[in-house]
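Report on the following structure.
Because the structure is a prediction, the values reported are computed rather than measured. We name chains A, B, ... by the order of the sequence lines, and we start the count at 1 in each one.
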2 protein chains.
Amino acid sequence: MERKSAGGRPTVYDIAEAANVSTATVSFSFHHPDRVRPETRERVLNVARSIGYLPSASARSLVHGRTNALGLYSFDLILDAKGETAEGGTTKDAVLSEEPDVLLYPLYVDEVQRGFELECSSNGQALVLDSVASQDAGRMADFAGRVDGLAVFPGRTEDEILERVARRVPVVLLSRPMQSGMPFYYIQVDNDSGMRSLISHLVDVHGLTDIQFVGSLVDETTDFQFRFESFQASLRARGLSVPAKPLNQTVLFGEESFANLKRTRRPGQPPQALVCVNDQLALYILDEFTKHGVRVPEDVILTGFDGILAGRLSKPTLTTVRQPMEAMGRHAASVLYGSAGKPWDESDSATFPVQLVPRQSCGC
Amino acid sequence: MERKSAGGRPTVYDIAEAANVSTATVSFSFHHPDRVRPETRERVLNVARSIGYLPSASARSLVHGRTNALGLYSFDLILDAKGETAEGGTTKDAVLSEEPDVLLYPLYVDEVQRGFELECSSNGQALVLDSVASQDAGRMADFAGRVDGLAVFPGRTEDEILERVARRVPVVLLSRPMQSGMPFYYIQVDNDSGMRSLISHLVDVHGLTDIQFVGSLVDETTDFQFRFESFQASLRARGLSVPAKPLNQTVLFGEESFANLKRTRRPGQPPQALVCVNDQLALYILDEFTKHGVRVPEDVILTGFDGILAGRLSKPTLTTVRQPMEAMGRHAASVLYGSAGKPWDESDSATFPVQLVPRQSCGC
DNA sequence: TACTTGAATCTAAGCGCTTAGATTTGTTCA
DNA sequence: TGAACAAATCTAAGCGCTTAGATTCAAGTA
C-alpha cells in the first residue's frame, strides 16, 4: 500500500506509516476512541500532531455525502440607487478621513446574514458565503454542491437554475417571489400590515392626504410588489386619491422638482408624503433633498421600509417599518439545519411580523 | 463500470450513462469544451440539466487539492463587557419593539469581515466562516482543512494549534500577538500614532491633565498592550502624571464612584479623561454613566478606539480613533488569495494607519 | 488440550471527480 | 492503398478519508 508521501499536506497514510498502524486505526483513533487501545490511540494522536496533520474536509465530505456547511447566496447590489461601484482598494490607501458610508453597510442583507451566521455557529455548522455580480448558472450550481442547504437573497437569477438546485438541496428563499416547480421554503415579512400601519400613521396622526409611492425599477423585488399593493389598498380604504403607479425617484430630482417641492406647500396645508419602497431609497432621496435645500419633514415627508441602521443616523432620522432581520436570518439557517441536507418534500413558508418605527422624517 | 445509481444526487456516472459517453467526456464537456465535439457536449449538458446534476465540490476539491475557499475564524465574544449571552430566538418572537442594540452589531470584527467578504467575492473565492465559543483544537484543525487559507481574529486559542495550522496553510493573524514558531502574516494598526494623536488632542486642544486608561482583562489583546504603552509614553513625553496600571471599568461603577465623578470637578478645572481601550468599552461605560447621572463630557471625558458605528449613534457621540476595518479585511483576503494555498515562507506584516475622530465625548 | 469469544487491528472498497495516457476513428498525403 | 497524424473518446488510477467485514491473537472455557 505504498503511497507517495510527497511534500504536500500529510494524510492519514503518513500518520499510519509513522505510527505503524493501518489507516483504519488512524481514523478510529480520531472518531471511535473505544475501538482502539488507549496507548495506540495516544501514539497515533501524537504522530498526527507532530507531523502537522490537518484532516481534509473534502475527503471527509465526499465519504459522508455531507459538508456540514450551510450556504448563503447573495448578489452584489453594487450598482445601487447610489450608482456606486465597489472597486476594491486592496492597498492601504483606505479613505480614513471620512466616516464610513452607512448607506453601504450595514444594509438589510447584512443584518439578515448576521442572524444566519449566529444560527450556523450555534449549530456547529460552517457558513459558506458567495456573492455574485450577475446570474451565473454554473457558479450557483457549484456553490450548491458545497453545502447541505442554502438560502438565497433577492437578485436576478434564472428561475430554472434555482429549480435545479432545489431539486437536490433544500433552498430557502428570502423575500423572493414564489416559484412554480420545486418545493422551496419562503421567508417573508408581513408587508401588508407594515404598510397599513405606516399609512395609518401618516393619515391619522399627521393628517396627510397627498401620498405617493416611490420605487425604482432596480428594486422590483417581491416586496416592491406587495408594498405597493398594500399602499394602494390602504389609501383606497381611506378614500384618498390612489396613485396608479409608483413614482420613479428620478422625477423628483432636478431643479424644477426641488423648487416645486419647496414652493408647493401652502400655509396650513400638510406637505406631500413620499412613501419609499425601502430605507435605502428613502435615504438616498433624503440626501439629494438636503443637498438642494428641500427640507424634510417641513417641505416634504419621507418614509422608508426595512429598518436599516442608516435610518437612525440620518438627519432627520427616518420613519420606517422595521423587519426582524436577524430573526429571519436565524430562522433560515435553523430550517436548513433541520432538513439535514434533504430537499423539501413540499413548499413551506414563514412570515415575520414588522413594526412601525416613527421617527423625525414623518414629522414626529 | 456498473455503479449504483441510487436515489442520491446524480453524479458524473449517471450523466455518462444517460448520455452514452464516459465520465471523462462528461468532465471535459464542462471544463474543456475544446476537447469534445460540440454535439456531444450539447448532449451531455442537456442530460446534466435534465437529471438535475450538481457537481460535488468535495470531490473536486479532493482531486485538485484546493477548495477555492478562504476562511475567517472568529470567537464569540458573547460574554462581553455587557455580559450578555446571545441565546438565539430562533422562533419568531423577535424583539421588534426596540431598536436593535448597536453595541452588539456591527462591531469591529463585523466590519473587518465585510472587507474580507468583498475581497473574496471579487476574487471569486467562496468564504467560509466559523465562529466558536471556546478554543477547540479539533474544530480549528477541521476548519483549516476546509479552506486554502484563513484569517484569525483575536480570541483565546492555544498557540500550538495555530502553529500546527500555519504549518500547512497560510494564516493571517488579525490584531493578534506575534507567535514564535511558524510564519504568519500579521495585520495590525498603528496603535502608537493613533494613541499619540488622541492624547495630543486631549492635552493640547482641551487642556486636560488628569488622564486615565481604562481596559478590562477580557480585552487583553495585543492592541490593549500597545495602546496602553503608547498612552503612557505620550503622557510621559508631556510631563503629565503617568498611571502605572490601567483602570478596570468596574472601579468606575458604584454610587461612590458616580458621586465622586460628579463632585470632583471644580470650577475652572478641566474634567478627568477616561481613555478606553476600545469603543465597546467606552460606550458601555457611557451607558452606565448616563444611567447614573454622570454627564459626558461635562463631568468626565470619555474616548474610545476603533471607530465602530455605535460611536456615531451614542449621546454624546464618541471621540475615537478610527481603523480602516474594511481595508484590513480586504487586505487579509487578498494576501491569502495571493498565496494560492501555500503556507508562508516567512512571517510578514502590514500595519494600517489610523485616524483621530474627535466627536462630542471629548468636549469637541 | 482444543475451542469459543471478543478486543484490536487490518484489508480493501468506495465516495465523485479529474486527467494522463491508451485507444479508436477519421482525415490527409505519399 | 497504406502510413502518418490529429481529433474524439475512453480506461483506469488516484485524490484522502471512512467503514464493513476479514483477520489476528490472547484470554476464557469445557
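Between A:Thr25 and C:dT9 there is no side-chain polar atom (N or O) within less than 4.0 angstrom of OP1 or OP2. Contact between the side-chain N/O atoms of B:Ser27 and the OP1/OP2 oxygens of C:dT18 is found at a separation under 4.0 Å. Between A:His31 and D:dT19, a side-chain N or O to OP1/OP2 separation shorter than 4.0 Å is absent. For D:dG16, neither phosphate oxygen OP1 nor OP2 lies less than 4.0 angstrom from any side-chain nitrogen or oxygen of A:Ser56. The side chain of A:Thr40 places no N or O atom within less than 4.0 Å of a non-bridging phosphate oxygen (OP1 or OP2) of C:dA8.
Counting only N and O atoms by type, the side chains of B:Ser58 and A:Arg146 include no donor and acceptor under 3.5 Å apart.
At whole-Å resolution of the value, CZ in A:Phe28 and C1' in D:dC17 are 12 Å apart. Atom-to-atom, CZ of A:Arg37 to C1' of D:dT24 comes out at 13 Å; the value is rounded to the nearest Å.
From B:Phe30, atom CZ reaches atom CZ of B:Arg41 across 9.0 Å, with rounding to the nearest 0.5 Å.
Residue A:Val63 is in base contact, counting any heavy-atom pair closer than 4.0 Å across all strands shown. Residue contacts for A:Phe30: at a heavy-atom cut-off of 4.0 Å it reaches no nucleic acid atom on any strand shown. Heavy atoms of A:Val21 sit under 4.0 angstrom from primed sugar atoms or phosphate atoms, though from no base atom.
Counting distance only, with no hydrogens placed and no angle test, the side-chain atoms of B:Arg60 and the base atoms of C:dT18 include no donor-acceptor pair under 3.5 Å.
We find that B:Arg167 and B:Glu163 are not joined by a salt bridge, their nearest charged nitrogen and carboxylate oxygen being 4.0 Å or further apart.
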